[in-house]
Amino acid sequence: GNDFTVFGQAVILTLIQLGGLGIMLFGTTLAMLMGKSLSVRSTTAVGEMLGTREPGLSPRVLKFIVIATLLIEAVGAVLLYPSLLGAPGADGTPLTQGRAVWYSVFHSISAFCNAGFSLYDLNLMEGTIRGAGWIRPLRDTGGVVLVVPVLIVLGGLGFPVLRDCGHWIRRLLHRWLHRIPHPDAASGTPRPKVHRVSLHTRVVLLATVILILGGAIVLLLVEPAASSDLPAKRIGQHRIYDDANVRSLDWPAMSPLRRAWTALFHSISARTAGFNTIDMAELSDAGKLWMCLLMVIGGSPAGTAGGMKTITVVLLLAVTWSVLRQRDEVDLFRRSVPVLVLRKAMAVAVLYLLLVAVTTMLLSVTMRGEKFIDVLFEACSACGTVGLSTGVTGKGDFLGTRLVTIAAMFLGRIGPMTLLLGLTAHVRRTRYAYAHEDVLIG
């Protein structure tokens with residue numbers, strides 16, 4: 001907010017929007033708007049990315065994505081506006097109506113696209129006195145507490161899930177508005193057609209809820225409040241000035257409810273959003289390691305989030321559970337998962353973890369002397385395109401650290417699987433198989 005002009009901020013916001021939607025998706029949409037038809041190969045590729053293989057459906061799906069994105073971001077900006085109007089800007093002066101609109105739009109798009117960029121120096125930790133000063137910290141405003149997490153979750157769910165849920169809600173409203181009665185088995189009344197939520201949607205929604213709640217619970221357990229036998233931790237320490245005195249609002253000073261909501265916010269934001277209301281450098285090693293795990297998992301496929309993706313993790317756990325149960329097939333919600341999908345999930349997991357390992361090793365070389373947990377935190381944040389930092393990125397080898405971070409962010413955003421498929425696109429498929437022979441495992 002202080003270093004870039006409005007034009008520079010607009011350029012950054014455009015890049016955030018392009019990165020959130022995906023360059024391939026945006027390019028396809030632009031071609032359609034210009035009246036150019038898609039080839040069969042392009043339609044198939046877009047369908048794979050959007051989670052649909054029905055011919056001729058990609059244009060309709062693309063229209064839904066563009067309309068849904070603009071609508072959600074617009075609603076988010078409207079809801080953020082009351083919290084930012086009159087509040088101090090990055091330079092400390094109160095925001096006028098025009099600047100409040102710009103701040104609202106910027107943070108709404110940044111949240112939905114899971115970018116985590118903020119116009120404030122301290123991200124959403126902002127609360128120090130600037131000009132007119134703050135009556136309360138930014139993290140306590142309604143926009144940050146309620147609107148930003150919802151935008152992050154909606155962007156991280158993925159557009160196939162949003163589209164599927166939209167169809168389900170539309171059918172539900174249709175039944176309610178037309179007062180369609182429930183089927184009566186005795187009278188033989190035919191059952192009205194109800195949209196069935198896909199397996200992908202059910203898995204994503206369940207995994208998202210478990211990760212959000214579980215992430216918050218674990219963070220609360222590893223970052224306890226101060227007690228008689230535990231010294232006060234300076235989590236998210238920043239000073240809030242008022243006319244009478246100076247008071248500190250850090251982690252142990254928070255009420256249990258505010259501490260729980262702060263943990264919930266960071267459980268949501270850690271999975272590639274990158275907004276923070278507490279200082280990541282002041283987390284314990286256990287807290288940083290848990291945040292690393294959430295960053296590695298990331299959001300869901302075909303969305304604005306990065307990471308290994310929730311579906312990949314769920315499939316790996318399902319494979320493990322099927323082995324323990326000695327079952328030949330992997331099933332979820334009474335549906336069998338094809339072997340090809342499981343192989344892809346395994347490949348994505350191996351490639352992504354390899355990317356994190358190589359990035360961590362290279363950053364350990366360029367940032368000698370830093371704690372390993374901080375280096376690992378930076379590597380996971382870069383590979384997942386999260387943006388959270390413990391503050392060590394600017395230390396060590398200036399050029400080397402930035403080159404490694406840039407490469408990790410680039411590869412993490414396009415996805416290791418996409419890169420590998422692109423490099424091996426012209427490899428001929430083998431039409432033969434060798435004799436089987438067992439090897440020892442474990």
Side-chain angles (χ1 to χ4, degrees), residues 1-4 8-9 11-22 76 90 103 106-126 138-139 144 148-149 151-156 215 219 236 262 265-283 287-288 290-299 303-309 352 355-356 359-360 363 367 373-395 401-415:
N2 288 321
D3 299 325
F4 287 92
Q9 295 169 12
V11 172
I12 293 175
L13 193 62
T14 303
L15 295 175
I16 290 175
Q17 188 72 87
L18 292 177
L21 291 177
Y103 270 58
F106 190 98
H107 287 88
S108 177
I109 296 178
S110 182
F112 180 75
C113 292
N114 280 233
F117 276 51
S118 175
L119 295 178
Y120 290 102
D121 293 342
L122 300 178
N123 205 277
L124 300 185
M125 291 190 299
E126 193 69 42
L138 185 62
R139 67 185 182 187
V144 173
V148 172
L151 291 173
I152 294 172
V153 171
L154 290 177
L219 192 60
T262 301
F265 179 92
H266 288 84
S267 178
I268 296 173
S269 181
R271 292 190 304 112
T272 84
F275 285 111
N276 62 297
T277 61
I278 59 177
D279 192 350
M280 296 292 102
E282 294 166 355
L283 290 172
K288 292 176 183 177
W290 180 245
M291 296 287 282
C292 287
L293 180 61
L294 293 176
M295 290 189 289
V296 167
I297 295 175
T304 62
M308 187 191 301
K309 301 297 189 294
Y352 191 85
L355 174 63
V356 173
T359 303
T360 304
L363 287 180
M367 295 191 295
I373 188 62
D374 290 337
V375 177
L376 177 63
F377 192 97
E378 303 296 313
C380 294
S381 179
C383 295
T385 62
V386 183
L388 293 176
S389 175
T390 58
V392 299
T393 306
K395 302 178 182 179
T401 300
R402 277 155 180 74
L403 289 178
V404 172
T405 304
I406 289 172
M409 289 188 294
F410 178 79
L411 295 176
R413 186 64 191 98
I414 65 174

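Please read all numbers here as calculations on a predicted model, not as lab measurements.
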(request) Kindly determine whether Phe377 and Met295 satisfy side chain to side chain contact (heavy atoms under 4.5 Å, CB included), including the steps that lead there. (result) CA-CA 9 Å; Phe377 192 97; Met295 290 189 289; 3.9 Å; yes
To the nearest 0.5 Å, tell me how far [X] [atom1] sits from [Y] [atom2].
X: Gln17; Y: Ser110; atom1: CD; atom2: OG; answer: 10.5 Å
X: Ile12; Y: Phe106; atom1: CD1; atom2: CZ; answer: 6.0 Å
X: Leu151; Y: Ile268; atom1: CG; atom2: CD1; answer: 11.0 Å
X: Gln9; Y: Thr14; atom1: CD; atom2: OG1; answer: 11.5 Å
X: Phe410; Y: Cys383; atom1: CZ; atom2: SG; answer: 13.5 Å
X: Thr393; Y: Asp374; atom1: OG1; atom2: CG; answer: 9.5 Å

(message) Show, in sequence, the C-alpha distance, side-chain angles and deciding distance for Leu294 and Arg271, and conclude whether the side chain to side chain contact (heavy atoms under 4.5 Å, CB included) test is met.
(response) CA-CA 5 Å; Leu294 293 176; Arg271 292 190 304 112; 4.0 Å; yes
(message) Using the rule given for side chain to side chain contact (heavy atoms under 4.5 Å, CB included), can you reason through Thr277 versus Val144, listing the C-alpha separation, both sets of side-chain angles and the distance that settles it, and then say yes or no?
(response) CA-CA 9 Å; Thr277 61; Val144 173; 4.1 Å; yes
Would you say the side-chain atoms of [X] pair up with the backbone N or O of [Y], donor to acceptor, closer than 3.5 Å?
X: Asn123; Y: Gly116; answer: yes
X: Tyr103; Y: Ser118; answer: no
X: Ser381; Y: Leu388; answer: yes
X: Arg413; Y: Gly19; answer: yes
X: Thr359; Y: Leu355; answer: yes
X: His266; Y: Asn276; answer: no
X: Asn114; Y: Phe112; answer: yes
X: Glu378; Y: Leu363; answer: no

(message) Any non-hydrogen side-chain atom of Leu283 less than 4.5 Å from a side-chain atom of Ile278?
(response) yes
(message) Are Phe117 and Phe4 an aromatic pair, judged by ring center distance below 6.0 Å?
(response) no
(message) Pair His107, Val148 - check side chain to side chain contact (heavy atoms under 4.5 Å, CB included), show working.
(response) CA-CA 8 Å; His107 287 88; Val148 172; 5.8 Å; no
